[in-house]
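Values in this document were obtained by computation on a predicted structure and should not be read as measured data.
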Amino acid sequence: HRLYGAVAAAAGVQARFAGKHPWLEAVVLRRPGEELLVVEEKSRQWLAQNMPAVKVTATSIDLMFAHLSNDVVYSMGGGDILSVLLISIVLLIGIRSLKYSLITLIPSAFPAAIVYGLWGLFVGEVNMAVAVTFSMSLGIIVDDTIHMMTKYWHFVRSGMSPEDSVVTTFRAAGPSL
């Protein structure tokens, strides 16, 4: 038990131990996902330095979901960045104006930036739910933005003033959004 106590101390956690032969089982008290991954890594490092012959396999439902959540957050983060870049290119091609394509990105990015900035400020942890919600909201917001911009450009190109085009766009497209 002293060995596992040393591993737990090196990882900076409180743990209780249940002795079972031919192995020992360490039960780490509940931790948030990111902290659990840190505990796992610190334990592996301590054992690799102090007992390289010991084979370690860390398992638990919490650890499995911590790894899953971590993978999803990083994968979706990269996918979301790629999505924003591709959306920018499609807007540039569709609108045929760099200026208005960039203007169109503002209503697409602003709500997500505010919501997730506030989430980061108050909660501080980006988890799987946040990553999935971001992707879904990005799709909805971009769809609404493109819908509004196409209506606006249709009215401007048909000869309406920009001010009248905005009003008519909100009357035509606003209720469906």
Side-chain angles (χ1 to χ4, degrees), residues 11-13 28-44 58-177:
V13 299
V28 177
L29 304 177
R30 283 199 166 258
R31 297 231 171 229
E34 195 68 35
E35 283 185 37
L36 194 55
L37 296 176
V38 170
V39 168
E40 178 193 28
E41 184 56 33
K42 283 183 178 181
S43 300
R44 284 184 193 277
T59 60
S60 76
I61 297 293
D62 290 341
L63 187 59
M64 178 186 69
F65 278 107
H67 279 285
L68 176 67
S69 181
N70 196 42
D71 291 347
V72 166
V73 166
Y74 285 107
S75 297
M76 290 188 85
D80 290 337
I81 290 169
L82 181 62
S83 295
V84 169
L85 289 173
L86 291 174
I87 289 165
S88 303
I89 291 168
V90 168
L91 285 172
L92 181 61
I93 292 168
I95 294 175
R96 296 185 200 123
S97 166
L98 179 61
K99 176 183 171 184
Y100 289 111
S101 296
L102 293 175
I103 289 171
T104 302
L105 284 176
I106 292 170
S108 297
F110 188 72
I114 293 297
V115 168
Y116 296 108
L118 290 172
W119 181 275
L121 182 66
F122 291 113
V123 177
E125 179 186 21
V126 176
N127 58 24
M128 189 165 37
V130 176
V132 170
T133 305
F134 178 81
S135 294
M136 289 180 359
S137 64
L138 180 67
I140 293 167
I141 291 168
V142 167
D143 180 57
D144 292 349
T145 302
I146 290 173
H147 193 65
M148 292 292 283
M149 286 304 290
T150 6
K151 291 282 188 201
Y152 172 79
W153 279 109
H154 171 73
F155 294 129
V156 166
R157 288 181 180 141
S158 69
M160 293 178 106
S161 69
E163 294 81 13
D164 289 340
S165 295
V166 168
V167 172
T168 309
T169 297
F170 275 100
R171 283 190 184 137
S176 66
L177 301 179

Atom pair [atom1] ([X]) and [atom2] ([Y]), whose distance is rounded to the nearest 0.5 Å:
X: Leu82; Y: Leu85; atom1: CG; atom2: CG; result: 6.5 Å
X: His67; Y: Asp71; atom1: NE2; atom2: CG; result: 8.0 Å
X: Ile140; Y: Thr145; atom1: CD1; atom2: OG1; result: 11.5 Å
X: Asn70; Y: Phe65; atom1: CG; atom2: CZ; result: 14.5 Å
X: Ile87; Y: Leu92; atom1: CD1; atom2: CG; result: 13.5 Å
X: Phe155; Y: Thr150; atom1: CZ; atom2: OG1; result: 10.5 Å

Hey, can you pull the donor-acceptor pairs under 3.5 Å for the side chains in residues 167-174, sequence neighbours left out?
| unit_1 | atom_1 | unit_2 | atom_2 | d |
| --- | --- | --- | --- | --- |
| Thr168 | OG1 | Asp164 | O | 2.7 |
| Thr169 | OG1 | Tyr152 | N | 3.4 |
| Thr169 | OG1 | Ser165 | O | 2.6 |

Next on the checklist: Can you tell me if His154 has over 12 outside heavy atoms packed within less than 6.0 Å of its NE2?
Outcome noted: no
Next on the checklist: Donor-acceptor pair, distance only, cut-off 3.5 Å: does the side chain of Ser83 make one with the backbone of Gly79?
Outcome noted: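 Side chain of Ser83 to backbone of Gly79, a donor-acceptor pair under 3.5 Å: yes, one is there.
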Checklist entry - Sequence neighbours excluded, which residues qualify as side-chain hydrogen bond (donor to acceptor under 3.5 Å, both in side chains) partners of Ser135? => result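 Partners of Ser135 by the side-chain hydrogen bond (donor to acceptor under 3.5 Å, both in side chains) criterion, ordered by chain and then number, come out as Asp80.
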